[in-house]
Amino acid sequence: QKTREELLRAAVNFALADKELLAADRSALEKHLSRRQEGSRFEWGFWSPTSVVGLHVLLGKHADGLNVGKRVRFKIKKLLTFPTRKLGEPSASGGANLFGSRWFTFEVSLIDSVKCDGDEPHISFAVFGAQRLASLVSSTASGGYGSS
């Protein structure tokens, strides 16, 4: 839990270096939400993606060949930040009340001899976006940092 909170704070500090980008992300998401979520109020901020297994390396479509459930050695290649692909849709990793706008991930390379063609394995550790106010009571346990 402590690591998740530290990574979330790091994402906030990284993102605040480019406030214009965050403002553009927020504006784009607000337009989508105003059409799809009429009457809802939102808290804006940064959240850790929720997962029953905690922070983990996402292997995506390559998981079948990598002995899922076993330890995989990896090294962090770089920090990636990118807009969500499904703007205005609820986050799959944040529940029905979290709407992401920008993701923060580490791209990782697997140390053991494993070949991954396509999407590189990564660790998602933060998302900037909006959370419906009705769900904020439970969100404090998952570590949100508001930026209203």
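The CZ atom of R41 sits 14.5 Å away from atom CG of L33, with the distance rounded to the nearest 0.5 Å. Within the model, atoms CG of D25 and OG1 of T81 stand 7.5 Å from one another, a figure rounded to the nearest 0.5 Å. A distance of 10.0 Å separates OG in S48 from CZ in R9, rounded to the nearest 0.5 Å.
A 4.5 Å side-chain heavy-atom check between F128 and R26 finds at least one atom pair inside the cut-off. When side chains are defined from C-beta on, L22 does not count as touching W44, because their heavy atoms never get closer than 4.5 Å. When side chains are defined from C-beta on, L7 does not count as touching F104, because their heavy atoms never get closer than 4.5 Å. Between F46 and V127, every side-chain heavy-atom pair lies at or beyond the 4.5 Å cut-off.
Residues passing the ring pair (Phe, Tyr, Trp, His ring centres under 6.0 Å) test with F74, sequence neighbours excluded: none. By the salt bridge (charged side-chain N to carboxylate O under 4.0 Å, His left out) test, K78 pairs with E107, sequence neighbours left out.
In this structure, L79 is a member of the same hydrophobic cluster as L16, with clusters built from ILVMFWY side-chain heavy atoms closer than 4.5 Å.
The two residues W47 and G129 have their closest heavy-atom pair at CZ3-O, 3.2 Å. Nearest heavy atoms, G100 versus T84: O-CG2, 3.1 Å. A130 approaches L29 most closely through the heavy-atom pair N-CD2, 4.0 Å.
T105 places no side-chain N or O within donor-acceptor distance of the main-chain N or O of I123, the cut-off being under 3.5 Å.
A side-chain contact (heavy atoms from CB on, under 4.5 Å) with F99 is found for exactly one of Q131, E30, E89, R132, namely R132.
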*For L8 and F125, what are the C-alpha separation, side-chain angles and deciding distance, and is it a side-chain contact (heavy atoms from CB on, under 4.5 Å)?*
CA-CA 7 Å; L8 189 58; F125 64 91; over 6 Å; no
